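Accompanying notes for the structure given below.
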There are 2 protein chains.
Amino acid sequence: MPRQADIARAAGVSQATVSVVLSGNRARVRMAEATRLRVLEAAEKLGYVPDPVATRLASSRNHMLGLYTFKTTFPTDVADSYYPILVGVEEEAAALGQDLILFTGRGGADRRAHDATAIRRTRVADGCLFFGRHVPDEAIGGLLESGFPLVYIGRRAELDGRIPFVGADYVSATRQVVERLVHNGHRNIRYLREQDDAPSSTDRERGFRQATAGLPASVHRLDGDGIDLDAWRREGVTAVVVEETDTWTAYNALTLALESRNLTCPDDLSLAVLGRPPVESAAVTGFAVPRREMGRQAVRLLVRLITREIGQDSPAAQQLLPCAPVGGTTVGPVR
Amino acid sequence: MPRQADIARAAGVSQATVSVVLSGNRARVRMAEATRLRVLEAAEKLGYVPDPVATRLASSRNHMLGLYTFKTTFPTDVADSYYPILVGVEEEAAALGQDLILFTGRGGADRRAHDATAIRRTRVADGCLFFGRHVPDEAIGGLLESGFPLVYIGRRAELDGRIPFVGADYVSATRQVVERLVHNGHRNIRYLREQDDAPSSTDRERGFRQATAGLPASVHRLDGDGIDLDAWRREGVTAVVVEETDTWTAYNALTLALESRNLTCPDDLSLAVLGRPPVESAAVTGFAVPRREMGRQAVRLLVRLITREIGQDSPAAQQLLPCAPVGGTTVGPVR
DNA sequence: CTGAAAGCGCTTACAG
DNA sequence: CTGAAAGCGCTTACAG
């Protein structure tokens with residue numbers, strides 16, 4: 001494969017000159033147009049393509065973006081909620097001329113021990129997208145401090161909120177859904193959430209509390225016990241909102257509870273999903289998490305971080321995308 | 001970030017010695033155990049992680065495998081047939097400690113002109129998986145000649161059959177399905193295939209012809225006209241086999257023809273899919289294309305090519321995986 | 001047993 | 001306007 005040195009020989013110039021010409025002469029070196037053309041022509045004739053590895057070692061960019069997931073990159077269980085993000089990532093990466101490196105090869109056994117090594121490896125790329133709840137503070141903090149561009153997909157508050165991210169605005173989306181319920185006369189609304197404290201869950205809770213300020217609304221954390229909807233009714237609950245997660249745990253528990261009352265679509269209870277209901281239950285009110293757009297915007301943000309167009313401490317490095325409302329038919333007046 | 005030079009200083013040895021120790025001393029250089037330990041300790045203390053870019057430039061391996069698709073890596077239209085392959089690829093790559101590079105960044109406009117450049121770029125990786133019908137002879141041939149390890153996913157006969165691949169054994173799988181029909185008494189069987197000449201289509205046709213040798217079996221290539229099943233019946237056809245492709249074109253055409261006779265499951269015609277029917281029509285006889293396994297085996301083969309465990313001209317560099325039969329209920333006796 | 005040197009293919013100051 | 005030099009962080013013969 002031809003190298004710059006070969007072109008230099010063919011064009012009768014130095015290898016450094018070839019480098020300058022081929023890199024578009026960003027350094028604005030003065031140069032005879034004839035020389036430039038001669039180099040370009042020789043490069044064309046020899047079928048030259050730069051070696052990305054050497055480029056990366058010598059300079060700082062190789063037009064490759066990393067994608068680091070803490071579990072598997074192509075999950076089989078939660079593929080539905082995950083795939084759209086990948087689609088968005090690829091779409092935008094392609095549009096911006098970036099290749100993608102999937103860091104999957106981080107050994108078997110002791111993953112925790114390998115994390116630091118694995119994460120440091122992301123440096124092959126110009127920058128890296130991270131996806132997952134897991135934030136290994138030290139490793140990520142080290143990357144951040146060294147100025148390595150990185151973007152989390154999904155909001156992250158760790159490391160004093162210094163992590164750039166592109167997330168979904170669950171607070172507003174939830175508030176809007178719940179406000180609609182309140183507008184319809186509901187005064188006792190219950191938020192069914194799962195056990196863990198993912199930002200997406202606590203953000204929903206925040207939006208919920210904003211919309212129900214002053215009302216007897218309450219949050220029910222899912223435990224092993226299942227849900228007693230009749231008891232909730234007796235407590236005066238007239239509407240239930242349930243969070244969507246990639247495992248559908250809370251949603252499924254609610255569905256189960258509804259079915260045990262022989263009601264998939266209850267007439268004495270309004271329902272809404274804080275997210276998008278599964279396709280089968282398309283009529284349920286909720287909102288759409290803009291996964292594909294999150295993928296796209298994460299790539300855009302990462303590239304702007306790489307080009308230093310914006311700094312990693314800039315407010316613009318943390319983005320929350322709006323969620324589109326999904327109409328549905330399960331939010332009615334109080335019964 | 002600490003480099004080998006830093007470790008060398010800390011351990012009081014030369015940088016080259018550090019390199020030898022850290023790379024596991026494959027060159028079997030004699031070395032005092034104490035020195036080795038001192039180096040290892042210093043590396044640990046400094047939190048050293050090798051720079052993959054430099055490693056790749058200096059040596060020949062960086063434990064990264066390329067994945068080059070001629071369309072989009074994450075398609076939205078044919079995701080179902082595609083995703084399992086990715087799952088297999090990732091699974092095996094992870095198991096073998098390999099990262100994955102997705103070559104998506106090959107500019108917009110003139111793709112054809114960029115192909116050579118884009119394909120040459122795959123050299124960043126230790127080897128590359130290719131996926132798609134498209135075989136740009138010159139570029140792939142160049143890679144092959146230079147000894148660059150590559151594996152196609154799906155059988156490819158181009159370049160005098162010199163391309164390593166992992167495909168599905170459509171010939172045998174089809175033959176078995178059709179033999180079952182023949183065994184059930186069918187003598188006039190029709191194979192419905194699509195227009196193009198993909199290996200997966202011609203392989204099916206070959207298996208079909210093997211099983212129907214001596215019988216009046218015939219192949220119908222789908223055109224714009226739709227299918228007249230009544231006419232086929234009058235011609236004496238008692239069984240139809242239809243190929244599965246990622247677009248389902250032929251299968252959908254057949255379904256349409258069946259529906260126009262108000263029969264989704266005809267009683268005067270036996271049916272089989274050369275592949276797996278869509279979930280809704282699970283009862284249809286067919287076979288399962290082992291997509292995930294193809295992904296896995298392609299990675300395994302690629303790694304063996306990279307390690308020179310097998311040569312690219314070895315027969316072992318071209319693999320056909322068996323397809324598991326899918327029982328179904330649509331293959332009956334002649335009516 | 002260990003170190004000094006060359007080289008992988010580039011980029012980027014720095015001299016002329 | 002162009003070239004010579006150093007360097008990115010490694011590996012790999014080759015000397016001692």
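Every heavy atom of this structure was used, including side-chain atoms; hydrogens, water molecules and symmetry mates were not. None of the values given here were measured: they were computed from a predicted structure.
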Carboxylate-amine/guanidinium proximity below 4.0 Å for A/Glu33 and A/Arg36: yes
Watson-Crick or G-U stems of DNA chain C, 3 or more pairs, under 3.5 Å, by first number: C:1-3 with D:14-16, C:5-12 with D:5-12, C:14-16 with D:1-3
Under 4.0 angstrom between A/Gln4 side-chain N/O and C/dT11 OP1 or OP2: yes
Short side-chain N/O contact to D/dT2 OP1/OP2 from A/Thr17, under 4.0 Å: no
Check: B/Leu150 and B/Leu129 side chains under 4.5 Å, non-hydrogen atoms: no
Among D/dC10, D/dC1, C/dT12, the one nearest A/Ser19 by side-chain distance: C/dT12
Student check: side-chain heavy atoms of B/Phe130 and B/Phe70 closer than 4.5 Å: yes
Spacing between A/Asp126 atom CG and D/dC8 atom P, to the nearest angstrom: 19 Å
Touch class at under 4.0 angstrom, heavy-atom based, for A/Ala32 against every strand present: sugar-phosphate
Closest nucleotide among C/dG9, C/dG3, C/dT11 to the A/Leu57 side chain: C/dG9
Any A/Ser14 side-chain N or O less than 4.0 Å from OP1/OP2 of D/dG3: yes
side-chain N/O B/Thr55 vs D/dG9 OP1/OP2, d < 4.0 Å: no
Atom of B/Met64, atom of A/Ile101 and distance for their closest heavy-atom approach: SD-CG2, 4.3 Å
